[in-house]
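Structure record follows, encoded as C-alpha cells.
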Amino acid sequence: MVRCGYILNRRSDWIWFLGLPFLAIAVALACHRWLPVMALASVGLWITMPHHLATWLRTYGLREDWERWKGPLVVGPAVVLGTTLLGMRVAPQTLLGLTLLWDHQHSLMQQHGLARIYDFKARTGGPTTGRFDLLLNWFLYVNMLITAPLFVRLWGPWLFESSLPLKAEWFVWAQSLSWAATAAFLVAYAVHAIRCARAGHALNPVKYQFIGSSYFLWYFTSWHTDSLLVFGIAHRLMHGVQYIVIVNSYLGRKLENAERPAFAGENSARAPAVTLASIGQLFKSHRVLTFIGLGLIYVLLYQLLVLRPFDEFGFGVVNFMGVGPAPHPMPDVTRARGYDLFAATMIQALPVTHYYFDSFIWKVSDARVQQGL
C-alpha cells in the first residue's frame, strides 16, 4: 500500500524538495527583519533571475525541443515581451496584477508537476490521481489568495474602488465559503487515497510530504508578512532552486542518453542531440559552478535590459536616499509600499517568457520528457 519514490534520491530530495521550504521561510523572515525595502528588491531579483536562465537552457539546449516547438519558441517570446513592455508603460498596476496571477498559476502547476514526478518515479497512484492532485493544488492555492491577509490587501481595495455594488460582509462570506470548500475537498481527496489503496494502487508518502511543505511555506508567509517582496523571497527560493535542480537533473540525463552509443537494433534517433556544444561541456565539468556563474551574468544583463541604475539594485548600500518614490503611485500608499509594488512589477514583468515556456515544455505524461526524468 505504501511505496516511497524520490525525484533524485532520498538525501537530495530531503534537501531540495522537502527541507528547502523551511530554510526559505527563515531566510525571508531574516531579510524582513534586517534589510531595507531596496535590499529586499535586490534579493528578490538575484534569486529570481537564475532559474529563468535555467528555462532558456532547458528550452533551447536540446534539439528535440527546438524541432518540436520551433514556431512557439520563435514567435512566442517576441509577442510576450512586446506586450509586457507596453504594459509597463501604459498600465503598470494592471500588469502587476496579471503577472501575479500568471505567476501563481505557474507556481502551483510546478508543484503539481513535481508531485506527479513522485508518483511517476514510485509507480504509485490510480488512474485519476493526477486529476485529484491538480484539484488539490487549485483548492489550496486559490483559498490562500482569497483568505491570506497579504493578498486581501491587494484585491480588496481594488474591488471596493470599482463600480461594483459590494458590501464588506460579502468578503467575509466569500472567505468562509472558500475555507469550507477547501475542507470538503480535502476530505474527498483523503477518500480518493483510501480507495486507491483498497484497489491495490500504492501510495507515495514522500509526495504528500512534498505537497505539505510547499503549502506550509505559502500559507505561513502570506499570513505573517505584509510585503510581496518578502513573500517572494521565500517563494522564489523554493520555486527557483527546485526548478534549477530539476533542470540540472533533466539535462544531465538527456545528455547522457545523447552520448551513449546505440546498440544493435536500437534506434539512435531516440537520443536527442544537443544544439550547443557548450551545453554539453557545462554538464560534464563543474556544472554547478558554471550554472551559478551564468545565472549571475544573466542577472546583470537583465538589469541592463530594464535600464534601471545599479544603485537601485545595490542591496541598499549605494545611494539609498537618492532613490525617488516609485512611479505611478497609488492613493494611500507609503513610499516604501510603493517601491515594494514597483520592484515586484519590475522583477516579474519581463520574465513572463519563463511562464510561457513552462506552459508547454513540461509534460510528465510525455514519453520524451520521461526520458529525462
Side-chain angles (χ1 to χ4, degrees), residues 17-35 37 40-41 43-45 47-48 51 93 96-112 114-115 135-160 171-183 185-186 209-243 330 333-334 336-345 347-348 355:
F17 297 103
L18 305 179
L20 179 63
F22 302 97
L23 176 62
I25 292 174
V27 172
L29 293 179
C31 291
H32 194 198
R33 181 176 179 84
W34 289 304
L35 296 181
V37 64
L40 295 180
V43 174
L45 177 78
I47 66 176
T48 298
H51 97 278
Q93 295 174 30
L96 174 61
L98 292 176
T99 54
L100 280 174
L101 288 175
W102 200 354
D103 179 52
H104 291 314
Q105 183 270 346
H106 165 76
S107 299
L108 74 87
M109 290 303 296
Q110 174 170 310
Q111 301 311 101
H112 170 62
L114 292 173
L135 287 174
L136 176 66
N137 279 275
W138 276 107
F139 270 94
L140 290 175
Y141 210 104
V142 171
N143 179 66
M144 179 189 69
L145 296 181
I146 294 176
T147 61
L150 175 64
F151 297 109
V152 173
R153 293 190 186 102
L154 289 177
W155 59 260
W158 179 79
L159 285 178
F160 272 114
F171 288 81
V172 179
W173 295 342
Q175 291 178 330
S176 299
L177 179 62
S178 178
W179 278 114
T182 302
F185 182 79
L186 288 175
Q209 292 174 326
F210 165 74
I211 295 174
S213 63
S214 300
Y215 279 93
F216 178 81
L217 178 145
W218 284 328
Y219 272 68
F220 183 89
T221 53
S222 60
W223 254 270
H224 289 80
T225 180
D226 59 353
S227 169
L228 279 176
L229 289 176
V230 175
F231 172 86
I233 287 173
H235 162 64
R236 289 185 176 87
L237 272 175
M238 176 184 72
H239 176 84
V241 172
Q242 289 177 352
Y243 189 89
M330 295 180 290
V333 173
T334 64
R337 178 65 169 167
Y339 186 86
D340 181 280
L341 293 173
F342 172 65
T345 304
I347 292 170
Q348 288 188 247
Y355 311 149

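To the nearest 0.5 angstrom, Leu20 atom CG is 12.0 Å from His239 atom NE2. Atom CD in Gln111 sits 4.0 Å away from atom CZ in Phe210 (nearest 0.5 Å). In this structure, OG1 in Thr147 is found 12.0 Å from CG in Leu177, a value given to the nearest 0.5 Å. The CZ atom of Phe139 lies 15.5 Å from the CE atom of Met144; values are rounded to the nearest 0.5 Å. In this structure, NE2 in His112 is found 15.0 Å from OH in Tyr141, a value given to the nearest 0.5 Å. One finds the CG atom of Asn143 at 12.5 Å from the CZ atom of Phe185 (value rounded to the nearest 0.5 Å).
Residues Gln242 and Gln110 form a side-chain contact, since some pair of their non-hydrogen atoms from C-beta on lies under 4.5 Å apart. Leu29 is listed as a side-chain neighbour of Phe220, based on a closest heavy-atom distance under 4.5 Å. Side-chain atoms of Trp179 and Ile146, non-hydrogen and from C-beta on, never get closer than 4.5 Å to each other. Counting only heavy atoms from C-beta outward, the side chains of Ile25 and Thr221 approach each other to under 4.5 Å.
Formation of a donor-acceptor pair under 3.5 Å by the Ser222 side chain with backbone atoms of Tyr219 is found in this model.
Between Phe22 and Ser213, the shortest heavy-atom contact is CE1-CB, 3.8 Å. Heavy atoms only, all atoms of each residue included: Thr182 and Leu140 are closest at CG2-CD2, 3.9 Å. Closest heavy-atom contact between Ala24 and Ala234: CB-O, 3.5 Å.
Just one of Trp138, Phe151, Trp218 meets the ring pair (Phe, Tyr, Trp, His ring centres under 6.0 Å) condition when paired with His104; it is Phe151.
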